Amino acid sequence: MRFGFIILSMLFTANLYGQNFTKKLEEIRTTRQAKNFIADNPQLHGIILQVDSDIDTSKLQQEFYLKNDGDIFTVGPETYKVFSKKTTTLSRASYIFLDGNELSFKQVDTVRKFILSEHKKGVPFDSLAMKYSMDGNKKLGDTGWFGEGVMAKEFSDALKLHSLSEIFTVDVPVSHWYFVVKKTYEIKASKKMAILQVTTGNR
């Protein structure tokens with residue numbers, strides 16, 4: 001009888017610990033809270049994972065991207081808590097910049113029409129960017145991947161409206177910036193996640 005009581009007591013304690021452990025994980029919403037949890041529970045060998053869908057593509061990391069902010073889940077001996085998930089869009093294009101602070105709009109318009117005409121004749125866009133762009137971009141007009149809010153709103157909005165490889169003009173009148181733009185990549189989603197990993201099973 002006493003042995004049965006001990007077993008029941010152990011099961012109750014384990015269940016209570018499990019509930020308390022889950023509750024503590026649920027409360028974690030920031031990096032500071034995750035670090036405090038790791039410091040308070042060294043036996044769990046906790047670490048913080050910074051996962052980026054543009055870089056991290058392992059099978060396990062692909063599973064992470066399906067999770068939502070706040071999710072708690074277990075894979076093998078490890079338990080994970082997602083405490084931050086941000087999704088943004090990334091765009092990429094090539095451009096030729098014409099500075100309206102140095103050229104009149106009539107001059108800008110003339111140069112842009114000439115650039116479009118030259119490209120239609122077969123002159124590569126990067127060659128035109130190297131020759132006519134006025135901002136000193138050393139990458140032949142390539143923007144690289146950029147997120148929301150990095151480029152002027154008019155520039156980003158125009159990329160959403162045009163098709164891949166399409167060439168078009170963009171005006172940012174308030175700054176006197178004028179562009180000829182080539183959409184070089186499709187817009188893509190980027191996910192960045194912060195995840196607490198702890199060891200809850202046998203290693």
Side-chain angles (χ1 to χ4, degrees), residues 31 48-69 71 75 80 82-195:
T31 300
I48 295 173
L49 306 176
Q50 301 288 345
V51 184
D52 186 332
S53 63
D54 299 316
I55 302 170
D56 305 310
T57 57
S58 72
K59 184 176 180 181
L60 177 59
Q61 289 158 344
Q62 290 297 324
E63 292 183 21
F64 289 161
Y65 304 133
L66 301 176
K67 303 299 181 181
N68 296 314
D69 195 357
D71 281 358
V75 179
Y80 301 89
V82 180
F83 62 87
S84 176
K85 180 177 181 179
K86 298 179 181 178
T87 301
T88 187
T89 57
L90 295 177
S91 303
R92 189 170 180 177
S94 291
Y95 68 88
I96 298 167
F97 169 69
L98 299 173
D99 190 348
N101 293 298
E102 297 185 22
L103 302 175
S104 69
F105 181 76
K106 184 176 180 179
Q107 289 173 315
V108 167
D109 197 42
T110 299
V111 174
R112 288 200 296 194
K113 286 178 180 177
F114 178 76
I115 289 170
L116 293 172
S117 174
E118 288 294 285
H119 188 265
K120 283 184 178 180
K121 292 177 183 177
V123 180
F125 192 89
D126 56 0
S127 296
L128 293 168
M130 183 170 58
K131 186 173 182 179
Y132 294 104
S133 193
M134 298 174 68
D135 71 345
N137 187 321
K138 302 300 182 183
K139 298 180 179 179
L140 303 178
D142 181 24
T143 62
W145 289 105
F146 64 91
E148 298 169 18
V150 173
M151 302 293 283
K153 185 176 185 300
E154 293 89 339
F155 192 104
S156 297
D157 288 349
L159 285 174
K160 296 174 185 176
L161 298 174
H162 291 274
S163 303
L164 183 64
S165 298
E166 190 173 352
I167 295 175
F168 50 94
T169 61
V170 175
D171 297 351
V172 186
V174 67
S175 301
H176 304 290
W177 296 345
Y178 301 96
F179 300 88
V180 179
V181 181
K182 180 178 182 179
K183 185 172 180 176
T184 51
Y185 291 84
E186 293 286 8
I187 295 171
K188 66 178 182 178
S190 173
K191 299 175 183 177
K192 290 180 172 56
M193 307 175 72
I195 303 170

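Because the structure is predicted, anything quoted here is derived from the model rather than measured.
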(request) Just do the side chain to side chain contact (heavy atoms under 4.5 Å, CB included) check on K85 and K67 with the steps written out, would you? (result) CA-CA 9 Å; K85 180 177 181 179; K67 303 299 181 181; 5.6 Å; no

Can you give me the closest heavy-atom contact between [X] and [Y], atom names plus distance?
X    : Y    : value
A189 : S53  : O-OG, 4.3 Å
A158 : V170 : CB-CG2, 3.7 Å
D142 : R92  : OD2-NH2, 2.7 Å

Point-to-point distance, once rounded to the nearest 0.5 Å, from [atom1] of [X] to [atom2] of [Y]:
X    : Y    : atom1 : atom2 : value
S190 : K86  : OG    : NZ    : 12.0 Å
I167 : T169 : CD1   : OG1   : 11.5 Å
I195 : S84  : CD1   : OG    : 9.5 Å
E63  : Q61  : CD    : CD    : 10.5 Å
L98  : S133 : CG    : OG    : 7.0 Å
M193 : N68  : CE    : CG    : 8.0 Å

(request) Give the ring-plane orientation class for H119 versus F125, where under 30° counts as parallel, over 60° as perpendicular and anything between as tilted. (result) perpendicular

Give a yes or no answer on whether the side chain of [X] reaches the backbone of [Y] with a donor-acceptor pair at less than 3.5 Å.
X    : Y    : value
S163 : E166 : no
T143 : A93  : yes
E102 : D99  : no
D157 : E154 : no
Q107 : S104 : yes
K192 : V51  : no
K183 : L159 : yes

All N/O donor-acceptor pairs, side-chain side in residues 171-182, below 3.5 Å, sequence neighbours left out:
residue, atom, partner, partner atom, Å
D171, OD1, R112, NH1, 2.8
D171, OD1, R112, NH2, 2.9
W177, NE1, S175, O, 3.4

Are any non-hydrogen side-chain atoms of [X] and [Y] less than 4.5 angstrom apart?
X    : Y    : value
F146 : S91  : yes
I187 : L90  : no
S156 : K153 : no

(request) For S117, enumerate each residue passing the side chain to side chain donor-acceptor pair (under 3.5 Å) test, keeping only those at least two apart in sequence or located in another chain. (result) none

(message) Salt bridge check, D54 against K188: does any charged N sit closer than 4.0 Å to a carboxylate O?
(response) yes

(message) Could you check whether E148 and T89, counting side-chain N and O atoms only, form a donor-acceptor pair closer than 3.5 Å?
(response) yes

(request) Establish, from distance only, whether the side-chain atoms of D135 and Y95 form a donor-acceptor pair under 3.5 Å. (result) yes

(message) Using ring pair (Phe, Tyr, Trp, His ring centres under 6.0 Å), reason through F97 and Y132 one step at a time and then give a plain yes or no.
(response) CA-CA 8 Å; F97 169 69; Y132 294 104; over 10 Å; no

